[in-house]
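All values below come from the heavy atoms of this structure, side chains included, with hydrogens, waters and symmetry mates left out. Order of the sequence lines fixes the chain letters, A, B, ..., with proteins taken first and strands second; residue numbering starts at 1 for each chain.
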2 protein chains.
Amino acid sequence: MKNSEKQYSYEYPRPALTVDCVVFAYDEGELRVLLIKRGEEPFLGAWALPGGFVHMDEDLDTAAARELEEETGVKKVFLEQLYTFGAVDRDPRGRVVTVAYYALVKLTNYKLHASTDASDAAWFSVHDLPSLAFDHQYIFDVAFKRLQAKITYEPIGFELLPNKFTLTQLQRLYETILEREIDKRNFRKRLLAMDIVEELDEVEQDVAHRAARLYRFDRSSYKRYLKEGFEFNL
Amino acid sequence: MKNSEKQYSYEYPRPALTVDCVVFAYDEGELRVLLIKRGEEPFLGAWALPGGFVHMDEDLDTAAARELEEETGVKKVFLEQLYTFGAVDRDPRGRVVTVAYYALVKLTNYKLHASTDASDAAWFSVHDLPSLAFDHQYIFDVAFKRLQAKITYEPIGFELLPNKFTLTQLQRLYETILEREIDKRNFRKRLLAMDIVEELDEVEQDVAHRAARLYRFDRSSYKRYLKEGFEFNL
DNA sequence: TCAAAAGTGTTAAAAATACACCCATGG
DNA sequence: CCATGGGTGTATTTTTAACACTTTTGA
């Protein structure tokens with residue numbers, strides 16, 4: 001960076017501000033995270049969370065969504081602020097504070113494409129992550145714990161499944177994220193008692209056994225349910 | 001601000017970064033928040049959350065604690081990151097992103113003193129707040145909801161009471177924050193079942209009726225309790 | 001006809017709730 | 001002796017947990 005390019009001046013020094021996204025997807029019994037291979041220093045060639053600098057004319061949520069789309073092609077997904085990480089030495093380039101987000105995507109919708117300053121993007125199992133740049137492993141850990149906690153009291157698990165899913169798929173998703181087995185009958189009883197999924201007149205296709213009924217998350221029923229003072233709980 | 005004073009230059013523009021604190025205290029059946037009267041523009045003379053700019057050599061938590069102490073004299077209290085607010089137009093001076101914290105203080109410990117850029121500080125009932133500067137009312141709302149949620153699953157209520165307290169005081173605190181009545185016998189049963197408060201050989205003083213037993217939160221018992229896989233719940 | 005997963009109820013245990021009276025103390 | 005809040009137990013309801021077999025379908 002040439003000095004002549006430093007055209008933005010302030011009376012006091014300012015940390016740089018970035019957003020980073022922990023993007024989760026669920027794929028055949030595995031929880032995966034989207035990482036990009038860094039195309040520049042520092043940590044050139046290392047895997048990292050997608051993210052980048054916040055622009056002056058965009059909200060934080062907007063910045064997170066933009067960076068996610070620019071670096072991975074992922075857009076219009078569930079995206080929620082996670083935590084802000086600001087340790088003084090978390091970036092070797094200097095003071096960089098990052099507002100971390102986590103995203104939940106329906107994997108089936110996404111073909112990945114690398115672009116911008118990411119030379120590559122790929123999904124990794126959360127149990128087999130490569131060594132990550134910066135403090136991204138720590139950020140990931142916080143995100144994973146948040147996901148585990150939140151999936152039990154907010155209906156965010158549906159964001160990781162296709163619009164139409166079987167109850168067994170949903171149960172497997174919960175088992176995968178919570179890392180424990182769940183009783184099939186009790187799970188269904190509790191889910192159906194909430195009356196927030198709609199049973200469809202369709203069954204899954206191309207399976208070598210009895211086809212399971214398909215369901216859909218009914219967001220309007222969920223809102224009604226909330227208004228009546230009930231709370232999601234699985 | 002003279003141009004000659006603008007000595008910190010960057011290649012790209014950077015938002016300013018601040019911290020703000022929502023400081024709660026509990027006083028005789030009322031939940032209170034600590035506000036400062038602004039001594040400078042913008043919003044000169046308006047009430048606001050204590051806060052200020054993050055320094056380059058301090059973590060976010062450190063910045064929050066420092067600003068809190070500088071502006072109000074409050075120090076060494078429970079302080080936890082709440083959320084980061086970054087709407088483009090939230091500050092009329094330009095782009096300012098703020099990392100909000102909430103703090104819980106034992107009111108009895110604090111004599112307030114104004115200083116630095118706060119010309120005054122005072123406690124307000126959460127149900128009778130003045131009009132606040134910036135988006136501070138919104139930040140407060142988020143903080144209050146967080147407190148209501150968190151007090152039921154983490155033992156943070158004790159941070160708002162003296163070290164020695166009666167069970168009725170604790171119950172009143174919960175009733176105040178949750179804004180509903182709680183059954184005395186059930187409350188005590190659940191609290192004592194967790195075995196995280198220690199019964200002292202002392203009773204309250206100077207009351208015109210039977211004196212209540214004093215208790216103390218036992219942090220080491222609580223940690224043991226957590227390790228055994230139990231979770232705080234009130 | 002076999003393999004694979006779908007689908008379905010009941011019982012027991014635990015937790016949450018509702019509820020009222022006697023006790024100790026100071027004024 | 002009275003006013004005030006302290007302290008305590010039980011019965012009922014609700015929720016959660018444990019548990020196994022029959023059905024459907026495609027290969």
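- With respect to A:R66 and A:E69, no salt bridge is recorded, no charged nitrogen being found less than 4.0 Å from a carboxylate O.
- Residues B:Y215 and B:F165 keep their aromatic ring centres 6.0 Å or farther apart.
- Chain B approaches DNA chain D over the interval D:dT4 to D:dT10, counting the first and last nucleotide 5' to 3' with an atom under 4.0 Å from its heavy atoms.
- The ring of A:F85 has its center closer than 6.0 angstrom to the ring center of A:Y83.
- Screening B:R219, B:K150, B:K76 against B:E159 for a salt bridge (charged side-chain N to carboxylate O under 4.0 Å, His left out) leaves a single residue, B:R219.
- As a whole-Å value, the separation of A:F165 CZ from C:dA6 C1' is 16 Å.
- Closest of all the heavy-atom pairs between B:I177 and B:F144 is O-CZ, 4.1 Å.
- Taking the ring centroids of B:Y153 and B:F232, they lie at or beyond the 6.0 Å cut-off.
- Nucleic acid contact class of B:T166 (heavy atoms, under 4.0 Å, all strands): none.
- Annotation for B:Y138: atom OH does not count as buried by contact number, only 12 or fewer foreign heavy atoms lying within 6.0 Å.
- Looking at B:K164 and B:E202, a side-chain N of the basic residue comes within less than 4.0 Å of a carboxylate O on the acidic one, giving a salt bridge.
- Within residues 182-196 of chain B, the residues having any heavy atom closer than 4.0 Å to DNA chain C are, in order of number, B:D183, B:R185, B:N186, B:K189, B:R190.
- For CD of A:E179, the number of neighbouring non-hydrogen atoms (other residues, nucleotides, ligands) closer than 6.0 Å is greater than 12.
- The stretch residues 202-215 of chain A touches DNA chain D through A:V207, A:A208, A:H209, A:R210, each having a heavy atom within less than 4.0 Å of the strand.
- Nearest approach of B:V99 to A:T84, heavy atoms of both residues: CG2-CG2, 4.0 Å.
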